[in-house]
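Structure record follows, encoded as C-alpha cells.
In each ligand, atom 1 is the first atom listed, and ligand 1 is the first ligand listed.
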Amino acid sequence: MGSNIKKIGVLTSGGDAPGMNAAIRAVVRSCAYHKIACVGIYRGYEGLIEGDFEDLDARSVKNIINRGGTFLKSARSKGFFTKEGRQESYNNLKKEGVDALVVIGGDGTFTGAIVFNDEHNFPIVGIPGTIDNDINGTDFTIGYDTALNTVVEAIDKIRDTAISHNRLFLVEVMGRDAGDIALNAGIGAGAEEILIPELNMGRERLVESLTKSKKSGKSSSIVVVSEGDQIGKNIFELAAYIEEHLDGYEVRVSVLGHIQRGGAPSCYDRVLASRMGVAAVDALLNNERDIMIASVQRHMTPVPFSAVLEGDNKIDKELIRVADIISV
Ligand code: F6P
C-alpha cells in the first residue's frame with residue numbers, strides 16, 4: 001500500500017440503516033490499524049458544508065457495533081446539490097487536512113460523490129448502506145438483512161390476529177422504488193400475495209387470485225405491499241377495493257413504516273458492514289477512488305460509481321416464481 005493519505009473522513013448520508021455504526025467503527029479502526037488519522041463528519045454532506053467534524057480514534061467507536069441508526073447522524077443534504085455547498089465542503093476538508101472520504105449511503109450519496117470528485121479531484125470510496133437493497137452492483141446493502149428480520153417478525157404477529165378473526169391484511173413495507181424487502185419478507189413470512197413496484201399485477205388479477213385461495217380453504221390472508229407499488233392510489237384505497245370485490249373477508253391495513261429502519265443490526269449486517277469498512281480503507285490506501293465496495297458472491301469487490309448509477313437494480317425472477325408456487 002503506497003499512498004499519501006494521512007487522514008480519512010467518514011460520513012453517513014441518506015436514510016439511516018442498521019449496521020451503519022458497525023461500518024463507521026470498521027473505518028475508524030482500520031485507520032487506527034494503519035496509523036492514519038480519522039475524522040467523523042456529522043449529518044452527512046450537511047456536516048461537510050458546515051465543518052461539523054470530530055476526530056475519532058479506536059476508542060471513540062466502542063460499544064456501537066450493536067447499535068441501530070448512525071451515531072454520526074444522517075441527512076439528505078440539499079446544500080450539497082449546489083456548487084457553493086460543494087466548494088464550502090472542499091474548503092472545510094482542506095482546512096481539516098482530510099485527504100480522502102468514505103461515504104456510507106445510497107444512490108444519492110454516490111451521485112454527490114461523483115460530482116464532488118469531478119469538481120475537486122478528491123478521492124472518495126462508497127459503502128452501500130440502505131435497508132432497501134436497491135443499489136446496483138452489490139448483492140446486499142448494509143441494513144437490508146436486519147430490516148427483513150424486523151418485517152418478518154412483525155408479519156408473524158399480524159398473522160396471529162389475522163387468523164383469529166378470519167381477516168385479510170395488507171401490510172405495507174418500505175422500498176420506494178424496489179420490491180426487495182416486500183418479496184423476500186413476503187416469502188419469509190408466508191404471504192399469499194406480494195405486490196412490488198417492478199411488477200404490476202393489476203387489481204382484478206389480485207382479487208381473482210385471492211378468491212381462488214379463499215375457495216381452496218384459506219380463512220385468512222396476508223398481502224405484502226411494497227410502498228412503491230403502483231397497483232392502487234394507495235394501500236387504503238386498495239383495501240377498500242378488495243373489500244368491495246372479495247366476499248367473506250374483513251380487510252385491515254398495517255403500515256410498518258420507520259420501525260423497519262430501527263433496531264440492533266443482525267449479525268449478517270454487522271459482519272457485512274465490518275468487511276466493507278475495512279475494504280473501503282484498503283481501497284483508498286491502494287489509491288482507488290470513485291468506487292463503491294460491493295458484496296459480490298460474498299467477496300468484497302470494487303465497482304465504479306458510474307456503473308452503480310447507470311444500471312437498474314433488477315428483481316430476481318426466480319424469487320417471484322418461488323413466491324407463486326409456495327402460496328397456492
Ligand atoms: O431508506 C430508504 C427508505 O427507507 C425508503 O424505503 C423510504 O421510502 C424512505 O427511506 C423514507 O425516507 P424518510 O425517512 O426520509 O421518510
Side-chain angles (χ1 to χ4, degrees), residues 11-24 42-47 67-81 103-113 126-138 140-155 170-186 188-189 194-199 224-236 238 253-266 268-269 272-273 276 292 308-309 312-315:
L11 60 82
T12 47
S13 162
D16 66 329
M20 280 184 164
N21 277 324
I24 300 165
Y42 284 92
R43 291 172 297 111
Y45 292 130
E46 281 296 292
R67 279 172 42 202
T70 159
F71 90 94
L72 286 178
K73 301 183 185 288
S74 195
R76 303 188 205 273
S77 172
K78 291 212 169 65
F80 204 68
F81 284 125
V103 297
I104 307 167
D107 282 353
T109 308
F110 304 150
T111 305
I127 293 180
T130 162
I131 64 163
D132 291 349
N133 205 41
D134 60 349
I135 300 181
N136 194 37
T138 186
F140 295 105
T141 57
I142 295 170
Y144 172 58
D145 181 69
T146 307
L148 282 183
N149 287 310
T150 302
V151 172
V152 166
E153 198 184 322
I155 298 177
L170 298 182
V171 183
E172 186 182 280
V173 301
M174 276 188 171
R176 221 181 341 210
D177 309 306
D180 293 58
I181 294 181
L183 190 52
N184 284 275
I194 303 167
L195 309 181
I196 55 176
E198 293 87 346
L199 195 78
V224 176
V225 186
S226 183
E227 68 174 330
D229 182 70
Q230 306 295 322
I231 194 167
K233 248 195 251 146
N234 59 54
I235 195 166
F236 296 98
L238 180 62
V253 170
S254 188
V255 178
L256 298 188
H258 287 77
I259 198 169
Q260 296 162 91
R261 283 224 307 244
S266 65
Y268 184 89
D269 275 329
L272 180 69
M276 287 180 163
M292 176 190 80
V308 173
L309 295 174
D312 274 344
N313 180 51
K314 301 252 175 346
I315 208 80

*asked:* Ring-plane angle category for Tyr45 and Phe80, please: parallel below 30°, perpendicular beyond 60°, tilted otherwise.
replied: parallel
Those residues at least two apart in sequence (or on a different chain) that pass side-chain contact (heavy atoms from CB on, under 4.5 Å) with Ala273 are Ala22, Ala23, Ile142
Numbered in order shown, the ligand 1 atoms found under 4.0 Å of a heavy atom of His258 are 13 (P), 14 (O), 16 (O)
Ranked by distance from atom 7 (C) of ligand 1, the top protein heavy atom is Glu227 OE2, 3.1 Å
In this structure, atom 2 (C) of ligand 1 is nearest to the protein heavy atom Asp132 OD2, 3.2 Å
Among Arg76, Met174, Arg176, the residue with a heavy atom nearest to atom 12 (O) of ligand 1 is Arg76
Among side-chain atoms of Asn184 and Tyr144, is any donor-acceptor pair under 3.5 angstrom?
yes
The closest protein heavy-atom partner of atom 10 (O) of ligand 1 is Arg261 NH1, 2.9 Å
Checklist line | Donor-acceptor side-chain pairing of Glu46 and Ser77 below 3.5 angstrom | finding: yes
For Gly175, the ligand 1 atoms with a heavy-atom partner under 4.0 Å come out as 6 (O)
CG (Leu11) and CD1 (Ile104) are apart, to the nearest 0.5 Å, by 7.5 Å
Any heavy atom of Gln260 under 4.0 Å from ligand 1? The part involved is neither
Do Asp16 and Ser74 have side-chain atoms, one donor and one acceptor, less than 3.5 Å apart?
-> no
